[in-house]
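First comes the structure, then the notes that go with it.
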There are 2 protein chains.
Amino acid sequence: MFTLTFNNDKPLYEQLYSYVREEIEQGRIGPGEKLPSKRTLSAHLKISVVTVETAYALLASEGYIYSAPGSGYYAERIPGRMRGQTTSRPILRERQSEREYSIDFSTNRADTACFPFSVWAKLSREILSSGGEELLNTCSGKGVYALRQAIGDYLRSFRGLDVYPEQIVVGAGSEYLTGLLIQLLGRDKIYGVEDPGYVKTQRVFSANCPGVRPIAVDGSGARLDSLVAQGIQVAHITPSHHFPLGTVMPAARRHEILSWARGSEDRYIIEDDYDSDFRLYGRPMPTLLSLDCSGKVLYLNTFTKSLAPSMRIGYMVIPPELLEGFEKRLGFYACTVPVFEQLILAEFLKRGYFERHISRMRKLYASRRSHFVKALENSPLSQVLEVKGSNVGTHLLLSSKNGRSEKELVELAAREGVRVYGLSEYYSFGENRDRGCIIVGYSGMSAQEISRGVSALERAWL
Amino acid sequence: MFTLTFNNDKPLYEQLYSYVREEIEQGRIGPGEKLPSKRTLSAHLKISVVTVETAYALLASEGYIYSAPGSGYYAERIPGRMRGQTTSRPILRERQSEREYSIDFSTNRADTACFPFSVWAKLSREILSSGGEELLNTCSGKGVYALRQAIGDYLRSFRGLDVYPEQIVVGAGSEYLTGLLIQLLGRDKIYGVEDPGYVKTQRVFSANCPGVRPIAVDGSGARLDSLVAQGIQVAHITPSHHFPLGTVMPAARRHEILSWARGSEDRYIIEDDYDSDFRLYGRPMPTLLSLDCSGKVLYLNTFTKSLAPSMRIGYMVIPPELLEGFEKRLGFYACTVPVFEQLILAEFLKRGYFERHISRMRKLYASRRSHFVKALENSPLSQVLEVKGSNVGTHLLLSSKNGRSEKELVELAAREGVRVYGLSEYYSFGENRDRGCIIVGYSGMSAQEISRGVSALERAWL
């Protein structure tokens with residue numbers, strides 16, 4: 001007969017249920033073994049018959065025991081290894097940076113001091129206090145309509161793009177949206193990504209489809225002959241600002257690449273306009289999307305760079321020709337961005353806060369850039385390094401003039417506690433040739449930090 | 001010579017730049033054509049030479065013109081179709097429900113009145129006002145550690161699961177996480193999904209991999225013989241509560257399926273525990289994950305059902321054996337959930353709000369369910385319909401007793417303004433057999449609405 005001591009933690013029926021389950025799972029009650037009758041057990045354990053009944057009913061409903069009419073309850077056969085044999089679980093520690101740096105010229109940091117917290121908090125309060133049904137129920141798979149409208153208006157005013165909210169799909173960042181684009185255009189296509197380029201882009205494509213090839217890049221951006229030679233069908237390119245080389249694709253190349261896309265029905269261009277908001281001087285170039293009139297360009301952009309890396313909101317513009325296929329095959333997907341965030345961002349755009357934020361950041365980055373460039377020019381470093389990079393974006397290239405290798409430069413800087421990044425890290429295909437070129441981002445650094453960084457680099461490299 | 005009238009909208013250099021760009025793009029200035037010299041143009045337009053210089057420099061930097069040393073500026077050749085020829089764009093209207101319903105027995109609605117708005121708003125204020133760097137910079141690709149810790153604690157207390165935060169991956173909903181799981185286990189695997197089942201699950205798998213096959217379901221849930229017959233390698237199943245049949249998988253079947261998974265190295269189980277929080281009576285069954293000791297179970301759950309459909313936060317638990325592969329191949333992905341939302345949810349869990357919310361919702365749903373069941377039992381509808389469904393979840397099944405087809409039942413209800421769903425809609429494979437069975441969800445409906453719905457169904461079906 002069962003021996004168990006009850007306590008006050010849980011209802012009695014639950015304690016009995018757990019005890020019997022454990023006995024069966026551990027094999028101490030064998031398959032087919034008869035259980036004590038409800039009445040007997042109730043008397044034995046000094047609990048009510050109802051308690052035993054409840055526990056038995058629960059065990060039966062979960063398949064641990066079965067009842068034979070008029071005869072009583074029997075233990076089920078539980079095949080396989082038993083629960084009690086659980087082994088201890090080895091755990092992988094999450095990777096930490098092996099080294100501590102006091103200065104990090106990362107290209108991927110935001111200046112947290114500049115985020116418009118108070119405005120964001122105000123809008124967030126407004127939207128939460130409206131507390132409507134809209135806030136809780138799912139939106140369209142493409143995103144909240146009001147946000148798509150606001151993005152459309154923004155693109156019209158600031159990028160000269162004439163797109164309808166129906167063409168806009170909001171999603172949890174460029175990486176997610178890229179995965180969606182691949183599902184739209186087909187995994188079997190040959191995709192091309194710029195080499196060098198944003199390494200994550202190459203990784204997203206490689207994780208999602210078998211045919212990913214490099215697109216060579218020259219002083220005008222993605223090379224047409226490379227697209228042709230590699231047999232690429234869908235080209236992911238960054239014409240407004242190549243990362244990390246900083247190239248702005250000139251008009252002639254833009255038109256050439258559009259012509260290439262029109263040359264075959266299954267060719268498409270994914271135009272990644274990821275940091276076009278940060279063109280620091282002059283006017284932005286017209287996008288490929290605005291030049292296209294054959295439905296060949298899928299446009300991709302994100303608020304991650306312009307607002308905060310923690311905010312996973314991106315969007316893409318789908319040509320009208322592909323919308324029906326999108327709805328039919330991918331329209332079932334729920335939008336991946338919380339409705340709450342979408343509503344805040346919609347207001348942030350509509351009321352002009354985004355525009356003001358961008359313009360403030362642009363000025364800030366321009367002043368940091370010129371501070372950085374001046375510091376480098378006035379430093380003896382200018383004898384061993386050439387500063388390169390266009391007027392877009394938030395990083396510079398430093399090219400060695402005295403034959404120092406990238407590896408050496410990175411290692412010497414690390415010894416002074418400064419983290420810099422070698423250009424070769426941005427090449428994903430072919431041999432990893434050392435180009436003696438260093439990438440330094442400054443978006444997350446104050447002028448003072450930049451100065452400290454330059455001094456540390458002097459100690460490291462001179 | 002150029003003729004343009006300046007206005008005060010924009011800097012003069014920008015107006016000149018736009019004018020010349022347009023002339024070149026429209027072909028009014030042909031390729032190779034010489035532009036007026038800076039001095040001539042400055043005199044002609046009565047603007048400063050610096051203004052002309054700035055505009056020309058911008059045009060040159062963007063590849064519209066080039067300078068021949070000592071000779072002046074010339075227009076570039078811009079190949080392909082011109083911008084001016086843009087055709088009007090046809091737009092696809094977004095699909096709207098064709099019909100208006102006054103009552104919708106959807107299985108996918110939340111009761112917005114019950115969402116803990118004030119708590120959520122309070123936590124959101126707290127976190128925004130802390131305004132730290134954590135809020136703005138990216139978190140680990142697996143999600144904010146504090147949230148994963150809180151989820152781990154919750155799983156330990158309420159699901160008896162012993163998992164480490166390192167095993168937990170937070171993502172923008174189950175659909176997104178399923179895509180990630182497929183990348184982890186490989187697209188080339190044969191995946192099985194329950195049929196009938198949640199149709200979106202089948203669609204996510206079909207959109208992501210070629211080999212998707214049905215798993216037949218009986219009174220104990222997913223059938224083992226079906227897994228074997230279909231040659232399935234990875235089985236997506238819902239043992240805690242099958243949707244839409246409501247089956248709870250008994251212990252014997254659980255152990256059988258775990259044995260099946262152990263039978264071959266490339267077999268895995270994806271355990272989707274999507275609404276286990278809403279088991280209305282009794283204790284939840286132990287999960288497959290808790291019974292597994294061979295690293296064969298990947299556990300998937302979401303807050304979408306338990307908090308709000310608009311909140312795209314799900315998570316999965318990866319067995320330690322697969323963690324290294326995950327880090328290596330998919331660790332580069334940024335987490336798809338905004339850090340802000342993650343921090344709020346972490347506090348919501350840690351301070352016990354989630355537990356209280358769930359317990360309130362469970363009571364509410366239980367009372368609605370009994371109200372619904374009683375209304376049906378006391379209605380003459382009980383002569384033509386049998387009410388089915390276990391004690392889990394937030395919907396019921398109504399099975400026709402007089403041979404009425406599903407199609408008829410759905411159509412008759414629609415005429416009375418009531419939306420109900422045929423069971424056959426949840427079958428994705430094989431022929432679409434009419435089973436004379438209707439699914440009615442009640443999670444988003446008050447008792448009053450349910451009563452009105454039952455009356456309308458009486459008018460429709462009697």
Side-chain angles (χ1 to χ4, degrees), chain A residues 14 58 62-64 76-81 83 85-87 89-92 94 110 112 115 117 121 124 128 131 133 135-138 164 166 172-173 175-176 183 200 203 207 250-252 255-256 258-259 282-283 285 291 293 308-312 320 323-324 332-334 336 338-339 341, chain B residues 14 58 62-64 76-81 83 85-87 89-92 94 110 112 115 117 121 124 128 131 133 135-138 164 166 172-173 175-176 183 200 203 207 250-252 255-256 258-259 282-283 285 291 293 308-312 320 323-324 332-334 336 338-339 341:
Chain A
E14 267 195 39
L58 211 52
E62 295 180 353
Y64 285 100
E76 271 281 9
R77 223 181 75 78
I78 311 285
R81 259 214 264 178
R83 197 187 176 200
Q85 297 172 348
T86 308
T87 50
R89 307 192 137 184
I91 277 298
L92 186 83
E94 273 172 53
T112 50
F115 185 79
F117 265 115
S124 129
L128 267 174
E133 189 142 341
L135 197 47
L136 293 176
N137 277 317
T138 43
Y164 296 81
E166 285 76 7
E175 296 170 12
Y176 170 74
Q183 291 179 52
K200 275 202 180 189
R203 297 202 65 178
H255 287 283
E256 273 170 26
L258 282 169
S259 293
R283 306 251 311 152
M285 284 284 286
L291 300 171
C293 40
S310 70
M311 207 160 294
R312 309 310 300 179
L323 272 181
E324 204 177 327
F332 73 91
Y333 275 117
T336 41
V339 169
E341 234 82 12
Chain B
E14 265 193 42
L58 212 51
E62 295 179 352
Y64 285 100
E76 271 281 10
R77 224 181 74 78
I78 311 287
R81 260 212 264 179
R83 198 189 172 199
Q85 296 170 348
T86 309
T87 51
R89 306 193 138 181
I91 276 301
L92 188 81
E94 275 172 51
T112 49
F115 183 80
F117 265 115
S124 127
L128 267 174
E133 189 141 341
L135 197 47
L136 293 176
N137 278 317
T138 43
Y164 297 81
E166 285 77 6
E175 296 170 12
Y176 170 74
Q183 290 179 53
K200 275 201 180 189
R203 297 203 65 178
H255 286 283
E256 273 169 28
L258 282 170
S259 293
R283 305 249 313 150
M285 285 282 289
L291 300 170
C293 40
S310 69
M311 207 158 296
R312 310 309 301 180
L323 272 181
E324 203 177 329
F332 73 91
Y333 276 117
T336 43
V339 168
E341 235 80 14

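Residue numbering restarts at 1 for every chain, and letters A, B, ... go by the order of the sequence lines.
Residues Ala334(B) and Lys200(A) share a closest heavy-atom pair of N-NZ, 3.8 Å. Across all non-hydrogen atoms, the minimal contact from Ala308(B) to Leu136(A) is CB-CD2, 3.5 Å. Here the shortest heavy-atom pairing between Ala121(B) and Leu128(A) reads CA-CD1, 3.4 Å.
Considering only heavy atoms from C-beta on, Phe115(A) stays 4.5 Å or farther from Leu135(B) through its side chain.
In terms of heavy-atom pairs under 4.5 Å with chain A, the best-connected choice from Arg203(B), Glu76(B), Gln183(B), Met311(B) is Arg203(B). For the set Tyr176(B), Tyr333(B), Phe332(B), the count of heavy-atom pairs under 4.5 angstrom toward chain A peaks at Phe332(B).
Interface residue Thr138(A): backbone and side-chain heavy atoms are both found under 4.5 Å from chain B.
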